[in-house]
Amino acid sequence: MSGILIRGGQVIDPSRGGAVADAAANGVADVYLLDGRVEAVGRNLGGASGIAGAMVVDATGQVVCPGLIDVHVHLREPGQEDLETVASGSMAAAAGGFTAVCAMPNTDPVCDNQGVVGFIKAQAQRAGKARVYPIGAISLGQRGQQLAEFGELVGAGAVAVSDDGKPVVSSHLMRTALEYAKTFGIPVADHCEDPTLSAGGVMHEGLVATRLGLKGIPAAAEEIMVARDILLAELTGGHVHLCHMSTRGSVELIRRAKERGIRVTAEATPHHFSLTDLACEGYDTNAKMNPPLREAEDREAIRQALRDGTIDVIATDHAPHHYDAKEREFDDAPNGIIGLETALGLAVTELVESGLLTLPELVKRMSTLPARVFGLPGGTLAPGAPADVTVFDPTAQWTVRPDESFSKSRNTPFAGRELTGRATLTIVRGQVVYQRGD
Amino acid sequence: MTSAALGKDLIGLEHLTPAQLELILDTAEPFKEVSERPIKKVPALRGKTIVNLFFEPSTRTRISFEFAEKRLSADTVNVSPQGSSVSKGETLVDTARNLEAMRIDMVVIRHGASGAAQFLGSRIRSNVINAGDGKHEHPTQALLDMLTLRDHFGRLAGLKVAICGDILHSRVARSNIWGLLKLGAQVGVCGPATLLPRNIEALGVAVLPRIEDAIQWADALNVLRLQLERMQTGFIPSLREYNRVFGVTSERLARAPKDLLILHPGPMNRGVEIDSDVADGPHSVILPQVTNGVAVRMAVLYLLAGGAPDWAQAAGRGEDH
Ligand SMILES: [Zn+2]
Ligand SMILES: [Zn+2]
């Protein structure tokens, strides 16, 4: 099997040596991939003549890093293949620079048994784009009553459990999930929302909602569950992963929990670090999501939490919906936006260009730590690691054009937005799955 | 068609200028006189087709608009989609496409969802008038309230108006706040804290926690209808308690430093938010509000249809048919 030699890029691998790897790896270097593994990283591999038989990629001026990993996407298959399929979603992932995604279980049927886990894995295999790791349900049918069979789910290939799409209302169920998940070493990912406080709400409860006459969801609806989950993680010693954090209060709770050594990890989405509730002006249903876009102070708290590590990872919560479903009254439109193809550009534009994160810190939040938090292969360019590599141009200027998306859906509030930073080459298992300009 | 004076649609008062608000009120004045004539009709909108699209029942507002349209000689159609196409799953966007295909000139829309009027206005060429969308705005109701206040006090600037009741779910309150503030009035809101929106003071209004505070402070009270379902959904303990704590009663008004003008957009829950002796008392302008409603709606229809702000000319033409 012939290899791939990626030459002359700025190699960033935070997995080795903390946020910044050793001097050689962070300077300009070559990466050689062979037989689905990272074979070598170093200067001038193979000399001027290169490596015999290897396909050579010139990465001058580009960043070469371990493949980006998104721990929170909705692929809609099985059940809503008109919105997205494993194939279209993993293609969008590859185009966005992601080599792996974790698929939330709120499909139809719910991914609460080995049959659905196996089906999703088989569909991903067939598509041959990004790796897709199914997340199993916490409760059967995501009904919040009875624990799903975590052992069977993990045995079939699930990497975490979550009832995302729905909050885990019962504190008892959450407690048992955290306890039981310890047996399998998997995180319990929670969508933090007190449904009695958020009921009927369609956007953040604040001045904008007051002006628009829309029912708000208070920040406390999220924070109450964040606080509960932290207490239950402390009680059980289980690993709770808090999905899509959106408020400054949540950030403060997580910061204090981490100081006390509680096993809590958290994610934030590109929309929550880029936008505020002002995006709902004009009743733009593409800005309708759950948790809702919050206020400027919340957005700032999320950014600072990504900088200081209180929030571990960036995840998209990629949520495809039909144009028709969003083309209606704000109250009745579904929540969510697509995000796989805009995440890297938003992260570079909003976090790196503003000086909040360095490029190595960005790679850490989008690759190294997602792999570590969810116990996934990848997230490193250490020799012998899987040959999952993302090459991106951190200076590329581009405009978000939803109709050019590989997703089956177009629901994004970022249409027309100018971004900096874009994936140019995505390699999974040593195979090129996406190359810009193809 | 886009009117030079107001733009294409009237969605709310939040984005109108003080001059536009004054224009509507000034235009309404001569229209009041049309309603006093033996033949209550002018040809200003002759040949125009107007659809009154009421997704929510509102007999008062619909009849008021219909009178306004007929007095301007427009052809009108009333559509109440509940029980018809909407229940078969027709969406607002389908409705918009159908209206567009029928070459309607103007649409008056009442809808339960905030933003529905703006949604429709942005998708069809016809002029759209918001007759109440969800909890957002009800601009013509606020305009008729403002006209009534201006009639009585001769001005709006400096006037203190307290809006009392369920501010959280009220489109009337929002439109009144925008309109009154823009024309220099002071606005207070009074109601149970469970029915006041978060950050309402950021709009520039005073929060008056008790009805006694509102009565001490205000020149006029605009008393809003308490929706009975607010009790079932836990915002207030009971209607009886609401009347005891927040009801506008003659005993409470007797302790006011001056006589307060009493407005109510109707329909009233007598004995809940307002007692009958107040509603029917000498300081109530609840019936003049209804009269002014027709004049204000005539003004809005006329201006949006491209009518000249200089109404005297058009009114003059009205007499020779
Ligand atoms: Zn969620
Ligand atoms: Zn989600």
Side-chain angles (χ1 to χ4, degrees), chain A residues 194-223 247-249 276-288 292 294-298 321-334 410-411 413 415, chain B residues 11-15 55-56 86 89-97 109 111-123 130 132-139 166-175 177-178 181 189 195-205 207 229 233-235:
Chain A
D194 178 338
T196 65
L197 266 183
S198 62
V202 295
M203 68 172 291
H204 171 66
E205 181 178 299
L207 185 56
V208 180
T210 294
R211 284 201 287 109
L212 294 176
L214 292 172
K215 180 150 170 38
I217 300 172
E222 173 174 309
E223 292 154 6
T247 81
R248 58 198 126 145
T276 68
D277 56 351
L278 286 167
C280 299
E281 292 275 11
Y283 302 93
D284 182 356
T285 54
N286 279 320
K288 185 178 176 187
R294 304 286 187 182
E295 296 171 20
E297 289 84 352
D298 298 300
H321 289 291
H322 260 180
Y323 175 80
D324 280 351
K326 285 283 194 182
E327 176 72 355
R328 57 179 314 154
E329 302 89 301
F330 200 90
D331 281 340
D332 296 336
R410 300 284 176 265
N411 50 307
Chain B
I11 303 302
L13 302 191
E14 182 181 358
H15 300 293
F55 288 85
E56 277 188 342
V86 167
E90 183 177 291
T91 62
L92 194 52
V93 69
D94 291 328
T95 306
R97 287 190 191 119
I109 178 176
H111 197 285
S114 300
Q118 182 170 335
F119 180 96
L120 189 67
S122 67
R123 280 158 183 81
N130 183 6
D133 63 325
K135 306 186 296 270
H136 178 225
E137 286 219 44
H138 190 357
D166 181 358
I167 312 296
L168 184 63
H169 300 96
S170 172
R171 46 195 169 216
V172 177
R174 279 172 180 73
S175 290
I177 289 168
W178 296 124
L181 290 177
V189 292
L195 294 175
L196 296 179
R198 289 264 299 280
N199 313 103
I200 185 78
E201 62 286 345
L203 301 185
V205 304
V207 174
E229 65 266 25
T233 43
F235 286 96

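Letters go in sequence order (proteins before strands), and every chain restarts at 1.
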*Taking the side chain as every heavy atom from C-beta outward, state whether B/Leu168 and B/Ile200 have any atom pair closer than 4.5 Å.*
no
*asked:* Looking at every non-hydrogen atom in both residues, tell me the closest pair between B/Pro139 and B/Leu13 and how far apart they are.
replied: CB-CD2, 3.6 Å
*Taking all non-hydrogen atoms of both residues into account, name the closest pair between B/Val189 and B/Val205 and its distance.*
CG2-CG2, 4.0 Å
_Smallest separation among heavy atoms of B/Ala116 and B/Ile109, with atom names_ = O-CD1, 4.3 Å
*side chain to side chain contact (heavy atoms under 4.5 Å, CB included) between B/Leu203 and A/Leu207: does it pass, once the steps are laid out?*
CA-CA 8 Å; B/Leu203 301 185; A/Leu207 185 56; 3.7 Å; yes
*Do you know the tightest heavy-atom contact between A/Val202 and A/Phe330?*
O-CE2, 3.3 Å
So which N and O atoms of chain A and chain B form donor-acceptor pairs under 3.5 Å?
{"residue": "A/Glu205", "atom": "OE2", "partner": "B/Arg198", "partner atom": "NH1", "Å": "2.5"}
{"residue": "A/Leu207", "atom": "N", "partner": "B/Asn199", "partner atom": "OD1", "Å": "3.4"}
{"residue": "A/Thr210", "atom": "O", "partner": "B/Arg174", "partner atom": "NE", "Å": "2.5"}
{"residue": "A/Thr210", "atom": "O", "partner": "B/Arg174", "partner atom": "NH2", "Å": "3.2"}
{"residue": "A/Thr210", "atom": "OG1", "partner": "B/Arg198", "partner atom": "O", "Å": "3.0"}
{"residue": "A/Arg211", "atom": "NH1", "partner": "B/Glu14", "partner atom": "OE2", "Å": "2.8"}
{"residue": "A/Gly213", "atom": "O", "partner": "B/Ser114", "partner atom": "OG", "Å": "2.5"}
{"residue": "A/Tyr283", "atom": "OH", "partner": "B/His136", "partner atom": "ND1", "Å": "3.1"}
{"residue": "A/Tyr283", "atom": "OH", "partner": "B/His136", "partner atom": "NE2", "Å": "3.2"}
{"residue": "A/Glu327", "atom": "OE1", "partner": "B/Arg123", "partner atom": "NH2", "Å": "3.0"}
{"residue": "A/Glu327", "atom": "OE2", "partner": "B/Arg123", "partner atom": "NE", "Å": "2.5"}
{"residue": "A/Glu327", "atom": "OE2", "partner": "B/Arg123", "partner atom": "NH2", "Å": "3.4"}
{"residue": "A/Glu329", "atom": "OE2", "partner": "B/His111", "partner atom": "NE2", "Å": "3.3"}

